[in-house]
Every structure is written in structure tokens, then in C-alpha cells.
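Note: hydrogens, waters and symmetry copies are ignored here, and every other heavy atom, side chains too, is used. If you read the sequence from its start, that first residue is 1, and numbering goes on from there.
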Amino acid sequence: MPSDWKPMPGVGAGVEIRLHGRQEHRVLYVAKFQEAIYVLHAFDKKSRRTRKADVDLARSRLKEVEASRLGRREN
């Protein structure tokens, strides 16, 4: 387990890893699928709150991953 993380229910079943240094960085990923860990979005964090645009992008990419996985099962 990472030492500094939190669930991101606004995105879905993803997790945020916090990377600390001179700047703050975030990686939003989902690791609930057996075949892979999907990185949804990575970005520099410049304020206390995660920007809506970053959350929306990660949410959109999670939907794409889920749709892609459904398509593979149907084939």
C-alpha cells in the first residue's frame, strides 16, 4: 500500500496517490481489474482542492476503460 493515498469517489473506484516534493503531484488510477492497473490522469497539484477539470478527465477515462472492457467481453 502507498503511504499517502485516499479514495476518489468523485471519479469512481479510483485511488489518488500523493507525491510530495518541491511540488505536489497526483496520479489517479484504478486497480480493480485483474488484467491491468489503469492510470487515468497524472498532474501537478497547485491548490488544496483537486480541480474539477482533473476529476472530470479521470472520470471520463474511467468510463472509457469500462466501456472497452465490456467490448472485449462481448467479442
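In this structure the side chain of Phe33 reaches within 4.5 angstrom of the side chain of Val65, judged on heavy atoms.
We find the NZ-CD distance between Lys46 and Glu24 to be 12.5 Å, quoted to the nearest 0.5 Å. To the nearest 0.5 Å, atoms CD (Glu64) and OH (Tyr38) are separated by 12.0 Å. Atoms CZ and CD, on Arg69 and Gln34 in that order, are 9.0 Å from each other to the nearest 0.5 Å.
Transitive grouping of hydrophobic side chains (ILVMFWY, heavy atoms separated by less than 4.5 Å) brings Val55 and Leu62 into a common cluster.
When atom types are taken as modelled, the side chain of Lys45 and the backbone of Arg48 share a donor-acceptor pair closer than 3.5 angstrom.
Summarising the geometry of Leu28 relative to Met8, their closest heavy-atom pair is CD2-CG, 3.9 Å, with the distance given to 0.1 Å. The nearest pair of heavy atoms linking Leu40 to Ala58 is CD1-O, 3.9 Å. Residues Tyr29 and Val39 come closest through the heavy atom pair CB-CA, 4.0 Å.
Judged as a side chain to side chain donor-acceptor pair (under 3.5 Å), and not counting sequence neighbours, the contacts of Arg59 are Asp56.
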